[in-house]
Amino acid sequence: MPPRPLSILPLLLATLLGACARSFPATVPTTWAASPDAQPAVPVVIARALREDPPLPGEPAEGWEALEHANESVPATSHETDRAHHAH
């Protein structure tokens, strides 16, 4: 009589778990958040847009991360953009 599939399952599971690596690093790198020597996380301001108005174009955007990066990549004047707006 052939063995039942359920009786093979524990043997297969034990074989797979026995083949897993059990080594851990001796020290935790300081770049990991779990390291005791890691730098504290930067506090995140979630409701800033609800409490204050965003800066206007050309004003410093300190603390407004998305606006800081957006101002760097957008040219000051663009004739292509002007033509695209007039076409619509």
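Just so you know, these numbers come straight off a predicted model, no measurement behind them.
Looking at residues two or more places apart in sequence or on another chain, you find no side chain to side chain contact (heavy atoms under 4.5 Å, CB included) involving Ala34. The side chain to side chain contact (heavy atoms under 4.5 Å, CB included) check on Pro54 picks up Trp64, Leu67, with sequence neighbours excluded. With sequence neighbours excluded, no residue forms a side chain to side chain contact (heavy atoms under 4.5 Å, CB included) with Pro60. In terms of the side chain to side chain donor-acceptor pair (under 3.5 Å) criterion, Gln39 has no residue partners (sequence neighbours excluded).
In this structure, Pro29 and Ser35 approach most closely via the heavy-atom pair O-CB, 3.2 Å.
Residue pairs that meet the salt bridge (charged side-chain N to carboxylate O under 4.0 Å, His left out) test with at least one member in residues 29-45, sequence neighbours left out, do not exist here.
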Listing, residues 8-17 side-chain donor-acceptor contacts under 3.5 Å, not counting sequence neighbours, or none:
from  : atom 1 : to    : atom 2 : distance (Å)
Thr15 : OG1    : Leu11 : O      : 2.8

